[in-house]
Amino acid sequence: MGFEDVLLTGLASDGGLYVPESLPHFSLEEIRSWRGLSYSELAFNIMHPFVSDAIPEDDFRKMLDETYAGFAHKAVAPLVQLDTNEWVLELFRGPTLAFKDFALQLLGRLLDYVLEKRKQHVVIMGATSGDTGSAAIEGCRHCEHVDIFILHPHQRVSEVQRRQMTTVIGDNIHNIAVEGNFDDCQKMVKESFGDQSFLGGKTQLAAVNSINWARIMAQIVYYFQASLALGGPDRSMAFSVPTGNFGDIFAGYLAKKMGLPISQLVIATNRNDILHRFMSGNRYEQHQLEHTLSPSMDIMVSSNFERLLFDLHGRDGAAVKELLENAAKGPVSIEDYRWRHARKLFDSDAVDDKTTCETIREVFEQNEYLLDPHTAIGVKAARNCRRDPSVPMITLGTAHPAKFPDAIAESGLTVKPELPPHMADLFEREERYTVLDNDVTGVQSFIAEHWKNA
Ligand SMILES: *Cc1c(COP(=O)(O)O)cnc(C)c1O
C-alpha cells in the first residue's frame with residue numbers, strides 16, 4: 001500500500017490501522033546537521049522518507065512552507081520556560097489554537113494534491129462535540145477537491161467553539177447544527193459511512209480522524225524541533241504529553257525509534273485514564289466516559305494505542321486483532337514481559353479536574369503564565385513522573401488557554417485568557433451554518449445536494 005492510498009483510506013483491509021513497514025533512521029550526525037533549519041525545512045527532512053515518490057520534492061517543500069507559514073509565530077512551535085530545565089512546547093499558534101493544526105493543515109493540502117492528480121473528489125464527514133471540528137474545517141478551507149461537512153449538536157457547543165467552525169467561509173465548507181446531541185451526530189456519521197448510496201456514486205466519503213497515519217507523521221517533527229532547540233541530539237530529552245487517543249505521544253515514540261535521543265515519555269491522562277490503568281496494572285479495561293475540564297482527552301478507548309500494541313507483539317497483526325476483539329468484551333492483559341517492555345518505554349499519570357485547576361493556578365502564580373487544562377495535565381504529570389532533573393522536561397502545550405475559559409475560571413484565577421490578536425474579532429465575524437432535524441435522511445440529502453458538483 002503506497003502513501004497516497006494510506007492517506008485516502010483510514011483502515012487497513014484487515015480492519016487494523018496502517019503503520020509504515022519500516023521507519024527511516026537518522027544518525028546523530030545527521031540530526032545534528034539540522035540545527036538552525038526552519039520548521040518547514042526540518043519537517044521536509046523528517047517526512048520526506050515517508051512520502052517518497054508520491055509527491056515531487058519541490059512540491060512537497062512548497063506545501064510545507066505554506067502549511068507552517070499559516071502559524072502566528074515565526075518559530076511555529078516556540079518553547080516557553082517554566083523552571084530550570086522545565087519547558088512548555090507551545091503547539092497552539094496555528095489557526096485554531098490547538099496542536100491538531102500541525103497535522104490537519106498539512107493533511108488538507110496532501111489530500112488535495114493527491115486528489116488533483118487522480119482527478120477525484122471526496123466528501124469529508126465528521127461529528128464534533130466542539131473542540132476538534134474547527135481544526136478539520138480550517139485544514140480544508142483551501143481544498144479544491146474536498147467538501148467538508150461537520151455536524152455539531154445545535155446549541156450544545158460553546159460560542160467560541162461554534163464560531164471557530166462557522167466563521168470559516170468557503171463554498172466547500174458546510175457546518176450542520178443537528179437538533180440532537182453529540183451521540184446523535186456520531187451515529188449519523190457512522191451510518192453514512194456504512195452506506196454511502198445517498199451520494200449516488202459520484203463522490204465518496206473520507207475521514208480525517210486521529211487514526212489517519214499522515215496526522216501522526218506530521219506530529220513527529222516537533223519532537224525533533226524542540227530537542228534541537230535545547231541541545232539535542234547531544235543531550236536526551238523527556239517529554240510529557242497530554243493524551244487521549246494516543247496519537248500525539250505515539251509520534252514521540254516514533255521520533256525516538258527514528259534516532260532522536262528521548263529518555264522519558266510520560267503519558268498524561270485525565271480521569272479517562274484507561275492508558276494509565278494499563279501502564280500501572282496491565283489491565284486494559286473500558287470504563288464509563290467521564291466529562292472533564294479537558295474535553296479533548298475525554299475518551300473510553302484510545303484508538304491509536306493499537307499501533308503500540310502491534311509493536312509490543314512483535315508486529316503480529318493477528319495477535320493484536322484477537323486481543324482487541326477480547327478487549328471489546330471485557331478487561332484484557334498482555335504477557336508480563338511485553339507489559340514490562342511497555343513500562344520501560346512510557347511512564348504515566350492520571351490527573352483529575354481538581355488537580356488540573358490547582359496546577360493552572362500554581363503555574364500562574366509562579367510564572368504569570370496561563371496553561372490550558374490539557375497542558376496543565378501534562379505539566380502536572382511531568383512533575384510527578386520526572387526521573388532525572390538534569391534532562392530537560394518538555395510538556396507539549398496542546399491548546400491555547402482562551403479555548404477553555406471555564407477551567408481557568410474554575411481554578412479560582414480572576415485573569416481572563418484573551419484570544420490572540422489574529423482571532424480577536426472572532427465575535428464580529430460572519431457565521432454560516434445550517435440547522436437540521438435529528439434525522440439521518442435529511443442530513444444525507446443535504447450533503448447530496450450541497451457538495452460542489454452535486
Ligand atoms: C486532541 C487533543 C489532545 C489529545 O491528543 P491525542 O493525539 O488524541 O492523544 C490533547 N489536547 C488537546 C487540546 C487536543 O485537542
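The shown structure was predicted, so the numbers you read here are calculated from the model rather than taken from an experiment. Read the numbers this way: they start at 1 and go in the same order the structure lists the ligands and their atoms.
- With hydrogens left out, the protein atom closest to atom 15 (O) of ligand 1 is K100 NZ, 2.5 Å, a heavy atom.
- Between R386 and D347 no salt bridge is recorded (no basic side-chain N to carboxylate O distance below 4.0 Å).
- For A98, no nitrogen or oxygen atom sits less than 3.5 Å from a nitrogen or oxygen atom of ligand 1, counting backbone and side chain alike.
- Taking distance alone, with nitrogen or oxygen atoms compared against 3.5 Å, Q219 stays at or beyond that limit from ligand 1.
- For atom 7 (O) of ligand 1, the nearest non-hydrogen atom of the protein is D248 N, 3.0 Å.
- By the 4.0 Å N-to-carboxylate-O rule, E430 lies close enough to R432 to be salt-bridged with it.
- Looking only at heavy atoms of the protein, atom 11 (N) of ligand 1 is closest to T398 OG1, 2.9 Å.
- For R383 and E362, the salt-bridge test passes: some basic side-chain N is under 4.0 Å from an acidic carboxylate O.
- The protein heavy-atom contact nearest to atom 3 (C) of ligand 1 is F99 CE2, 3.5 Å.
- Looking only at protein heavy atoms, the nearest one to atom 8 (O) of ligand 1 is N245 N, 2.8 Å.
- Aromatic ring centres of W34 and F26 lie closer together than 6.0 Å.
- Look at D183 and K187 and you find no salt bridge, because none of the NZ, NE, NH1 or NH2 atoms lies under 4.0 Å from a carboxylate O.
- A salt bridge does not link E325 with K329: every distance from a Lys NZ or Arg NE/NH1/NH2 to an Asp or Glu carboxylate oxygen is 4.0 Å or more.
- Using 4.0 Å as the threshold, T243 has a heavy atom nearer than that to some atom of ligand 1.
- Here M297 has side-chain heavy atoms under 4.0 Å from ligand 1, and that is the only part of it that gets that close.
- Remark: E358 does not engage R361 in a salt bridge, criterion side-chain N to carboxylate O under 4.0 Å.
- Between D372 and ligand 1, a contact under 3.5 Å exists for no N or O pair.
- Annotation for ligand 1: atoms under 4.0 Å from non-hydrogen atoms of G247 are 6 (P), 7 (O), 9 (O).
- Close approach of ligand 1 to A399 (heavy-atom distance below 4.0 Å) involves ligand atoms 13 (C).
- Contact annotation: for F246 versus ligand 1, heavy atoms closer than 4.0 Å belong to the backbone alone.
- If you look at Y433 and H174, their ring centroids are not closer than 6.0 Å.
- In summary, of the residues considered (F102, F92, Y39, F99), a ring pair (Phe, Tyr, Trp, His ring centres under 6.0 Å) with F71 occurs for F102 alone.
- Ranking the protein heavy atoms by distance from atom 9 (O) of ligand 1 puts G244 N, 2.8 Å first.
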